[in-house]
There are 2 protein chains.
Amino acid sequence: MARVQRDGGDDSAPTTELPAVRDQDPSAVSEPVTGSVNGRKVPMATDKARAIPEAAVARLAVYLRVLSGMAEQGAVTVSSEELATAAGVNSAKLRKDLSYIGTYGTRGVGYEVDVLTSEIERVLGLTGQQKVAVVGIGNLGHALANYGGFPGRGFPVEALFDVDPDLIGIPVGGLPVNHIDDIPDICAKRKIAIGVIATPPTAAQAVCDRLVDGGVHCVLNFAPVVLQVPEHVEVRKVDLAIELQILSFHVARNAEQRASRRAAAARASSNGEVV
Amino acid sequence: MARVQRDGGDDSAPTTELPAVRDQDPSAVSEPVTGSVNGRKVPMATDKARAIPEAAVARLAVYLRVLSGMAEQGAVTVSSEELATAAGVNSAKLRKDLSYIGTYGTRGVGYEVDVLTSEIERVLGLTGQQKVAVVGIGNLGHALANYGGFPGRGFPVEALFDVDPDLIGIPVGGLPVNHIDDIPDICAKRKIAIGVIATPPTAAQAVCDRLVDGGVHCVLNFAPVVLQVPEHVEVRKVDLAIELQILSFHVARNAEQRASRRAAAARASSNGEVV
DNA sequence: AGCCGCTTGTGAATGCGTGCACAAAATCCG
DNA sequence: CGGATTTTGTGCACGCATTCACAAGCGGCT
């Protein structure tokens with residue numbers, strides 16, 4: 001039970017992945033907080049949330065987006081098959097994912113788009129607003145701050161930070177930049193829920209520590225470093241370099257496959273797979 | 001055997017990739033190219049590359065970065081334990097990951113930093129340069145193009161694209177912007193290996209199709225859509241909204257836990273781990 | 001030279017996630 | 001009203017990934 005192996009968010013996707021974060025994950029790593037007390041099977045998903053696998057959570061967010069697109073096109077109900085192909089996953093997996101949050105489908109018919117949407121939103125905690133702080137107003141931070149409402153609504157950016165004295169006080173995207181020394185105070189005062197780190201790698205750990213001091217429990221890290229955080233803090237990382245390197249690996253692998261396929265051209269013709 | 005379930009990159013992530021990455025992240029989804037012909041178990045890593053799990057590849061990239069940091073600080077050798085904690089993973093997992101690429105450690109001593117570095121680089125295909133094209137020169141695309149050499153070296157940005165007529169021809173980060181209709185030609189001509197999609201979601205699929213037409217096999221997608229691609233194309237996605245929603249889920253989950261913990265106050269107080 | 005301590009590399013076990021296949025349920029139609 | 005049809009929800013099995021635990025190997029010390 002004392003497995004407090006700090007293991008980052010990722011996967012990184014899987015996670016993750018993932019995402020990749022992974023991914024943080026890769027892969028994601030769901031905490032082994034199984035069992036505990038209740039073995040109930042109530043359709044209500046009140047405190048069943050903790051049982052949802054990390055990978056499924058990531059996909060739920062995808063379903064949510066696909067659903068919103070469908071709603072815009074006037075769809076009222078959707079089958080698992082439709083939704084699955086639109087989201088790029090197996091329909092069985094989709095149904096299993098949905099079963100984690102309750103049974104909101106109608107057999108023989110499918111799911112009501114709006115019901116499913118609001119249920120997923122509820123589970124993901126999107127009913128309220130999660131206040132976001134962006135630290136590091138460079139190229140990326142600037143872009144993030146200018147998103148304004150941030151991807152979709154529900155994640156208002158409510159604080160900006162940087163070290164550069166020339167930036168302090170300057171409004172970016174309608175919000176003044178504060179000094180990073182004020183992170184703990186301001187985050188605590190404004191009840192910031194999510195900290196986004198867009199600083200150079202050297203500053204990231206210090207910034208992260210200050211965010212944690214400010215009571216921030218969730219961090220989205222764009223800096224190419226592995227952050228060390230106390231166990232109760234959740235870190236997801238988005239790492240451009242790593243994503244590129246993973247792709248690079250696939251380029252290399254494909255090149256190799258092609259080479260060896262050229263070499264060992266006609267062999268093992270037993271499998272007439274056409275793919 | 002005919003499990004050609006297209007399943008996008010990553011979970012992630014995490015990731016797993018995703019992880020996330022992956023999955024993404026987990027995360028990640030390694031292609032089920034098992035069995036087939038060879039069931040060999042040769043320790044040589046020549047064509048064993050395909051056997052490296054996706055999640056491990058993501059971590060290798062992390063190790064690589066940690067190693068370069070250590071090299072800068074003058075470290076010559078490093079033990080699996082050191083490297084593992086610095087990378088935020090279990091040491092056994094690290095050793096297993098490294099074992100996928102060969103045996104380059106010395107028992108009782110550890111790994112030589114430079115040897116390990118170059119071996120990982122080799123496996124990840126970082127010995128050569130992977131040319132990158134960025135499509136969509138908005139806020140994000142601008143930031144990406146201005147990275148210049150792109151995170152670390154090895155990924156030169158060699159083409160930029162957008163639809164906006166006002167942008168065509170304008171140099172961004174020292175490179176002129178081309179029209180997206182020219183994607184296939186230019187990508188083929190310049191041998192672009194990786195396409196980065198930083199367009200609005202509505203344009204992403206069309207852009208992706210053009211990239212594929214141009215012979216690009218690897219895509220890094222920042223647009224919040226699920227891309228449909230032929231099987232030979234590898235897609236990694238970096239999705240801000242989804243990352244935030246995953247974090248949001250954790251906020252909600254923690255709040256719930258705290259609530260129920262407050263209710264069922266004193267129970268299981270065991271773990272005093274300090275990390 | 002031989003022993004001792006340290007660290008790697010890996011076989012084996014466990015756990016998690018995925019996908020299949022089918023029973024249960026709900027609608028539609030004759 | 002009952003059966004046919006459709007689609008959900010899930011038990012089960014399989015495979016991958018993670019972790020443990022230990023033998024094998026290497027350097028240093030006496």
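Each chain gets a letter, A, B and so on, in the order the sequences are listed, and its residues count up from 1.
When the P atom of D/dC16 is taken as reference, atom CD of B/Glu54 falls 14 Å away, rounded to whole Å. D/dT8 atom P lies 14 Å from atom CD1 of A/Ile101, rounded to whole Å. Rounded to whole angstrom, the span from the CG atom of A/Asp97 across to the C1' atom of C/dG19 amounts to 12 Å. Between the OH atom of B/Tyr111 and the C1' atom of D/dG27 there is a distance of 17 Å, given to the nearest Å. Between the CZ atom of B/Arg95 and the C1' atom of D/dT19 there is a distance of 11 Å, given to the nearest Å. Between B/Tyr104 atom OH and C/dG9 atom P the separation is 11 Å, expressed in whole Å. In this structure, NZ of B/Lys93 is placed 13 Å from P of C/dC16, rounded to the nearest angstrom. Distance A/Leu60 CG to C/dG17 P: 13 Å, rounded to the nearest Å.
Counting only N and O atoms by type, the side chains of A/His250 and B/Glu54 include a donor and acceptor under 3.5 Å apart.
Remark: B/Ser80 engages B/Arg95 in a side-chain hydrogen bond (donor to acceptor under 3.5 Å, both in side chains) (not counting sequence neighbours). The side chain to side chain contact (heavy atoms under 4.5 Å, CB included) search around B/His217 returns B/His232, not counting sequence neighbours. Scored by the side-chain hydrogen bond (donor to acceptor under 3.5 Å, both in side chains) test, B/Glu121 finds no partners at all (sequence neighbours excluded). Scanning for side-chain hydrogen bond (donor to acceptor under 3.5 Å, both in side chains) contacts around B/Ser79 gives B/Glu82, with sequence neighbours left out.
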Please write out each protein N/O paired with an N/O of nucleotides 23-30 of chain C under 3.5 Å, distance rounded to 0.1 Å.
| residue | atom | partner | partner atom | Å |
| --- | --- | --- | --- | --- |
| C/dA24 | N3 | A/Arg107 | NH1 | 2.6 |
| C/dA26 | O4' | A/Arg107 | O | 3.3 |

Derivation of the side-chain contact (heavy atoms from CB on, under 4.5 Å) call for B/Leu244 and A/Leu220: CA-CA 8 Å; B/Leu244 285 173; A/Leu220 182 54; 4.1 Å; yes
Working for side-chain contact (heavy atoms from CB on, under 4.5 Å), residues B/Asn221 and B/Arg236: CA-CA 6 Å; B/Asn221 178 31; B/Arg236 305 265 327 162; over 6 Å; no
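Within residues 73-86 of chain B, the residues approached by DNA chain C to less than 4.0 Å at the level of any non-hydrogen atom are B/Ser79, B/Ser80, in residue-number order.
Counting only heavy atoms from C-beta on, B/Asn90 has its side chain closest to D/dC20 among C/dG9, C/dT18, D/dC20.
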Would you be so kind as to tabulate the donor-acceptor pairs closer than 3.5 Å made by side chains of residues 61-71 of chain B, with sequence neighbours excluded?
| residue | atom | partner | partner atom | Å |
| --- | --- | --- | --- | --- |
| B/Tyr63 | OH | B/Asp97 | OD2 | 2.7 |
| B/Arg65 | NE | A/Pro224 | O | 3.4 |
| B/Arg65 | NH1 | A/Pro224 | O | 3.4 |
| B/Arg65 | NH1 | A/Asp239 | OD2 | 2.6 |
| B/Arg65 | NH2 | A/Asp239 | OD1 | 2.9 |
| B/Arg65 | NH2 | A/Asp239 | OD2 | 2.9 |
| B/Ser68 | OG | B/Arg65 | O | 3.1 |

Could you list the donor-acceptor pairs under 3.5 angstrom formed by side chains in residues 106-114 of chain B, with sequence neighbours left out?
none

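Phosphate contact (OP1/OP2 of C/dC16, side-chain N/O of A/Tyr100, threshold under 4.0 Å): absent.
Below the 3.5 angstrom threshold, one finds a donor paired with an acceptor across the side chain of A/Lys96 and the base of C/dG19.
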